[in-house]
2 protein chains.
Amino acid sequence: MPALSLPGLVEDTLREFFATRAELVDSVGGGYREAVATLQSFVLRGGKRVRPSFAWTGWLGAGGDPAGPDSQAVLRACSALELVQAGALVHDDIIDASTTRRGFPTVHVEFAARHRGAGWHGAPEQFGEAAAILLGDLALVWADDMVRESGLSAEQLARVTPVWSAMRTEVLGGQYLDIVGEVASDETVEAATRVNRYKTAAYTIERPLHIGAAIAGADDELIAAYRRFGTDIGLAFQLRDDLLGVFGDPAVTGKPSGDDLRAGKRTVLLALALESADATDPAAGRALRDAIGADLTEDEVERIRGLLVDLGAVDLVEQRITALTDSAFEALDSSAATDEGKERLRASAYAATRRTA
Amino acid sequence: MPALSLPGLVEDTLREFFATRAELVDSVGGGYREAVATLQSFVLRGGKRVRPSFAWTGWLGAGGDPAGPDSQAVLRACSALELVQAGALVHDDIIDASTTRRGFPTVHVEFAARHRGAGWHGAPEQFGEAAAILLGDLALVWADDMVRESGLSAEQLARVTPVWSAMRTEVLGGQYLDIVGEVASDETVEAATRVNRYKTAAYTIERPLHIGAAIAGADDELIAAYRRFGTDIGLAFQLRDDLLGVFGDPAVTGKPSGDDLRAGKRTVLLALALESADATDPAAGRALRDAIGADLTEDEVERIRGLLVDLGAVDLVEQRITALTDSAFEALDSSAATDEGKERLRASAYAATRRTA
């Protein structure tokens, strides 16, 4: 099972899982099959398979053998993370009222269009949301089915499920804190970090690695090292993302420049800038607060960029990224992970924290 | 474990489960604990515990011993059905834009009020929906955790989980077909029956009984009898509900008279009436179609009641209820269920199909 094509293998595995549901879905009848097909398309065109990759690498690094008899089962369990992610994204897109995702209409927009096209009664948007709520639910419950039916042994499942369970409770908590932070205009570094910790770091890196380690039966020490590595790199990844959300090149990131500012996103970058402004430059603080969530012109975005630099917030974020990355590598280097595991995790960490898109 | 207090035992079990999540929820911090407390209140004040009762009775009737060593584990697995139901209701209330449930504000309305009370930014309704989507998700994923952590043996879990999995896929399908049927104005008896089958019968009676039987290790014959009984009684239950939705006494049902008509609900009752009207009385058909989903006065509701009777639809529905109940009892009587199980299921069936509220 060559590691280079892991995203492809994950996709095949997900396709196989959907095939196992076809009979039951068809037995329900009506338009259920078509609705599920929309969910399947959404899942199959999905991105970089970051979470399955970390889980798989966590397993490898804990001594998992890709040529061993259980590698297919492990791959299935790792791939199930993409169904959790699909459910989270479908629901998140409703919450954020997003209209596109990966260049396609979001699921609720797609079903609203279907309603419109069919000339059905009622508000197309309301139907779209309703359908997307149900399909997001389906992805979440199928994620569980996929782990349970992965073929992992009872011992492996017993080790994995507490982690699986914690991950889902944490990410839903992180999402909830995120929406509260936004409406409550929470300006603290602490609140933004807490969202980063649970919505991103734990969910994207720490817990997937932990899941891989748990499948492999890793000892407490390696698990602790993975978790520190995952939390630190996850936080650093989000800080890099925050910088790119304001300073990134739209041609590279694919998102309009300054989009995070217009969306009113409560980032650590912004929290640090506000802290500094309140201590040294109240006028800059007012300018920043006025800009958050406003419909900024490109010139205004450029002005905010200048403020973020001048207030030292960009430097502080870069320093945090460096410190977190150092801490992560220290944990990794001194761990008992295999050389191959270390090498891959190091490469992933560089990719996550030094990227430009 | 006395059967009379089963709802109370289910509630205790659910309370204990929430307690097991407290540490993790607190570790996420922020306002997550308060949000989860709202979900807990919602779950704990919930109704008649119909699904756990059927699952428990299914287990008893298949020889499960309430004085045996695994009865606590069985109770926990049965109680988990209430968390699926909580997730389904929280999301359903968003989908239907319902404002109250069991005399309390629905979860999305409750969170909108919290937003308003705190003077937060943005639209309170949007925040309320977002919070309710996330808490419904949490209930769904915790339902899985609760089954997995119930203490059932690996053999019991292996028998239960395919049924658990089918049930959730079916109910989400039934809900999807329901919203499509409504916007597409599907007038067929077949479409209404399919929704009843998967949204109500399978989810409320058939699969809970099946889950109980699977835990007990029942043979295929008893499972088949349970499933026929559950499907038939579930369909009959829904037909009774449809009649009550139009003819029920508001003082008894607690719902305004004719509410189902105003809500535009696509019932078998209505489908049968339209079939009959199209064959014999086109004017009555037009009057019915105009009334569906309209803001009817009490006099208009009374007129529709008259039409439903005159067109023979009420008689047809009563005949169906009788036929389904007969079929269900035949399956039950000729099954190998214990005498106590049979007696209880018969009592439940009477309660479900001959009720006035």
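Quick note on labels: first sequence line is chain A, next is B, and so on, each numbered from 1. In this text, all values refer to a predicted model and were calculated from it rather than measured experimentally.
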Asks: So which part of A:Gln175 gets closer than 4.5 Å to some heavy atom of chain B, the side chain, the backbone, both or neither?
Replies: both
Asks: State, to 0.1 Å, how close A:Val28 and B:Arg194 come at their nearest heavy-atom pair, and which atoms those are.
Replies: O-CD, 2.8 Å
Asks: Given the options A:Gly29, A:Gly122, A:Gly293, which has more heavy-atom pairs under 4.5 Å with chain B than any of the others?
Replies: A:Gly29
Asks: In terms of heavy-atom proximity below 4.5 Å to chain B, should A:Ile94 be classed as side chain, backbone, both, or neither?
Replies: side chain
Asks: Tell me, side chain or backbone of B:Glu129 under 4.5 Å from chain A's heavy atoms, or both, or neither?
Replies: side chain
Asks: Any non-hydrogen side-chain atom of A:Pro162 less than 4.5 Å from a side-chain atom of B:Glu149?
Replies: no
Asks: Does B:Arg33, at its CZ atom, have more than 12 non-hydrogen atoms belonging to other residues, nucleotides or ligands within less than 6.0 Å?
Replies: no
Asks: Where do B:Gln126 and A:Ile95 come nearest, in terms of heavy atoms and distance?
Replies: NE2-O, 3.7 Å
Asks: Is B:Ala154 close to chain A through its backbone or its side chain, or both, or neither, when contacts mean heavy atoms under 4.5 Å?
Replies: neither
Asks: Measuring heavy-atom distances to chain B, does A:Ala184 have an atom under 4.5 Å in its side chain, in its backbone, in both, or in neither?
Replies: both
Asks: Could you have a look at A:Asp92, A:Ile133, A:Thr169 and say which one has the most heavy-atom pairs with chain B under 4.5 angstrom?
Replies: A:Thr169
Asks: I need the minimum non-hydrogen distance between B:Arg148 and A:Ser165, along with the two atoms involved.
Replies: NH2-CB, 4.2 Å
Asks: Please name the pair of heavy atoms, one in B:Ile179 and one in A:Ala130, separated by the smallest distance, quoted to 0.1 Å.
Replies: CD1-CB, 3.7 Å
Asks: Is the B:Phe111 ring parallel, tilted or perpendicular to the A:Tyr176 ring (thresholds 30°, 60°)?
Replies: perpendicular
Asks: Check whether A:Arg197 gets within reach of chain B through its side chain, its backbone, both or neither, counting any heavy atom under 4.5 Å.
Replies: neither
Asks: Pick one of side chain, backbone, both or neither for A:Ala191, based on which atoms fall under 4.5 Å of a heavy atom in chain B.
Replies: neither
Asks: For the candidates B:Leu24, B:Leu138, B:Asp144, B:Val36, which exhibits the highest count of non-hydrogen atom pairs separated by less than 4.5 Å from chain A?
Replies: B:Asp144
Asks: With chain B, which of A:Val195, A:Val180, A:Leu157, A:Asp186 has the greatest number of heavy-atom pairs at distances under 4.5 Å?
Replies: A:Val180
Asks: Do we see a donor-acceptor contact under 3.5 Å between the side chains of A:Trp120 and B:Ser185?
Replies: no
Asks: If I measure from the heavy atoms of chain B, does A:Leu140 come under 4.5 Å with its side chain, its backbone, both, or neither?
Replies: side chain
Asks: Checking heavy atoms, do the side chain of A:Ala118, its backbone, both or neither come under 4.5 Å from chain B?
Replies: neither
Asks: Hey, does A:Leu172 have a side-chain heavy atom less than 4.5 Å from the side chain of B:Tyr32?
Replies: yes
Asks: Quick check against the 3.5 Å criterion: does A:Tyr198 have a side-chain atom that pairs as donor or acceptor with the backbone of B:Ser27?
Replies: yes
Asks: Does atom CD (B:Glu190) have a neighbourhood of more than 12 heavy atoms from anything else shown, all under 6.0 Å?
Replies: no
Asks: Tell me, do B:His91 and A:Asp137 make a side-chain contact under 4.5 Å, heavy atoms counted?
Replies: yes
Asks: When you compare the side chain of B:His121 with that of A:Glu182, does any pair of heavy atoms fall below 4.5 Å?
Replies: no
